[in-house]
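Convention: sequence-line order gives letters A, B, ...; per-chain numbering from 1. Just so you know, these numbers use all the heavy atoms, side chains as well, and skip hydrogens, waters and symmetry mates.
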2 protein chains.
Amino acid sequence: MQITRTEEYALRGLVFLARQPPEKVTLVSEISKEQKIPEAFLAKIFQRLSKAGLLRSIRGANGGFSLGRPANRITMKEVMEALEGPIGLSRCLVREGECEEEAVCPLHPIWEELQHRFVEVLDGTTVEDLAKRMVRDGRRGRG
Amino acid sequence: MQITRTEEYALRGLVFLARQPPEKVTLVSEISKEQKIPEAFLAKIFQRLSKAGLLRSIRGANGGFSLGRPANRITMKEVMEALEGPIGLSRCLVREGECEEEAVCPLHPIWEELQHRFVEVLDGTTVEDLAKRMVRDGRRGRG
DNA sequence: GATTAAAAAGACCTAATTTGTCCTGTTTAT
DNA sequence: ATAAACAGGACAAATTAGGTCTTTTTAATC
Ligand code: SF4
Ligand code: SF4
């Protein structure tokens with residue numbers, strides 16, 4: 001019942017990119033250093049994000065990563081789903097019919113309600129929102 | 001990022017008890033059979049719940065469990081915290097100062113917001129609410 | 001064309017957590 | 001005494017999270 005490192009690292013990496021000049025190509029190694037994230041691990045996370053189109057990778061010399069689309073069109077929900085698959089607060093919410101007792105279970109509607117509230121926030125918050133929040137608060141941090 | 005079996009089993013067990021005549025003493029074995037929950041596992045869970053006062057256990061022959069207090073005064077939040085400790089959507093929300101970058105992190109306020117919404121529901125939903133929901137919907141299920 | 005920097009892909013490993021099982025002890029009604 | 005029932009500790013299996021390493025592919029540049 002906790003946000004994973006994978007998710008946190010991914011979001012921090014994306015926010016970092018959102019704060020760079022647009023279209024600038026940035027090295028994984030740079031992000032990992034600034035954000036104190038294990039480089040190989042971040043690289044693997046970025047692979048998944050670029051398969052999902054959230055990042056664009058540029059291979060070869062002078063390569064690196066940039067955002068796959070404007071930061072205001074990447075939601076937290078997309079990021080999480082790209083990494084962990086469809087959000088499901090309980091197994092019965094991942095796919096219909098996963099649990100036979102679903103129609104009879106008093107918990108099911110509660111999980112639905114909770115998940116709905118959850119997704120509402122994730123879907124309404126973009127990487128740009130996160131980046132701006134740092135700026136607005138006068139925060140610089142390491143990215 | 002998912003409700004655990006432990007939590008689900010606990011809640012289903014409590015709802016089962018809430019639907020019994022008040023003060024009736026019920027065997028773990030009965031609940032486990034009706035609810036299809038591994039008996040030894042449920043017994044363990046019930047131990048923790050009774051240490052937290054959410055259940056009352058009666059030992060010896062003719063023993064068993066009943067609710068530790070009226071079902072309308074047991075919230076989902078209490079159940080979860082009895083089992084998994086303080087709710088913390090991310091490590092920085094479990095205890096202040098867990099992460100050094102907290103003051104600088106754009107994710108932190110989002111997790112706070114999410115967790116707030118989350119806890120709002122958990123805190124506002126009692127075991128009685130869950131049990132009633134089954135009744136209202138004409139659901140019998142196995143509990 | 002050879003060299004080299006850089007990312008992709010994915011195999012692999014380790015540690016932690018979750019989900020159980022089992023066995024022994026303790027309490028208590030009969 | 002004895003059988004029923006919870007208490008608790010130890011342990012085992014399965015799953016997931018977190019992280020490393022190696023090999024392959026690509027692209028720029030000399
Ligand atoms: S028992 Fe209820 S909460 Fe658990 S998986 Fe089935 S429907 Fe979902
Ligand atoms: S980096 Fe941000 S989200 Fe992660 S633990 Fe620290 S404060 Fe919380």
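Annotation: proximity of residues 39-49 of chain B to DNA chain C (heavy atom, distance under 4.0 Å) is found for Ala40(B), Phe41(B), Lys44(B), numbered in ascending order.
Listed nucleotides: dA9(C), dG18(D), dC6(D). Nearest to the side chain of Phe65(B): dC6(D). In the set dT19(C), dA6(C), dA5(D), dT19(C) carries the atom at the smallest distance from any side-chain atom of Thr4(B).
Glu39(B) and Lys33(B) are not joined by a salt bridge, as no carboxylate oxygen comes within less than 4.0 angstrom of a charged side-chain nitrogen. Under a 4.0 Å N-O distance rule, the pair Arg12(B)/Glu101(A) qualifies as a salt bridge. With respect to Arg73(A) and Glu78(A), no salt bridge is recorded, no charged nitrogen being found less than 4.0 Å from a carboxylate O. In summary, Arg56(B) and Glu23(B) engage in a salt bridge, as defined by a charged side-chain N under 4.0 Å from a carboxylate O. A salt bridge links Arg95(A) with Glu98(A): at least one charged nitrogen is closer than 4.0 Å to a carboxylate oxygen. Under the 4.0 Å criterion applied to side-chain N and carboxylate O atoms, Arg48(B) and Glu84(B) are not assigned as salt-bridge partners.
For the pair Thr6(B) and dT18(C), the criterion of a side-chain N or O lying under 4.0 Å from OP1 or OP2 is not met. Taking side-chain N and O atoms only, Tyr9(A) has a distance below 4.0 Å to OP1 or OP2 of dG19(D). Of the side-chain N and O atoms in Ser57(B), one or more sit less than 4.0 angstrom from OP1 or OP2 of dA7(D).
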Its contact letters, B for base, S for sugar-phosphate only and - for none at protein heavy atoms under 4.0 Å, make nucleotides 25-30 of chain D read BBSSS-

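The nearest pair of heavy atoms linking Pro106(B) to Val15(A) is CG-CG1, 4.2 Å. Heavy atoms only, all atoms of each residue included: Leu42(B) and Tyr9(B) are closest at CD1-O, 4.2 Å.
Rounded to whole Å, the distance from CE on Met80(B) to P on dT18(C) is 13 Å. Taking atom CD on Glu8(B) and atom C1' on dT18(C), their separation rounds to 14 Å, with Å as the unit.
Nucleic acid contact for Ser50(A): sugar-phosphate only, since backbone atoms but no base atoms lie under 4.0 Å from a heavy atom of the residue.
Nearest-nucleotide positions on DNA chain C for Met1(A) and Thr26(A) put Thr26(A) closer to the 5' end.
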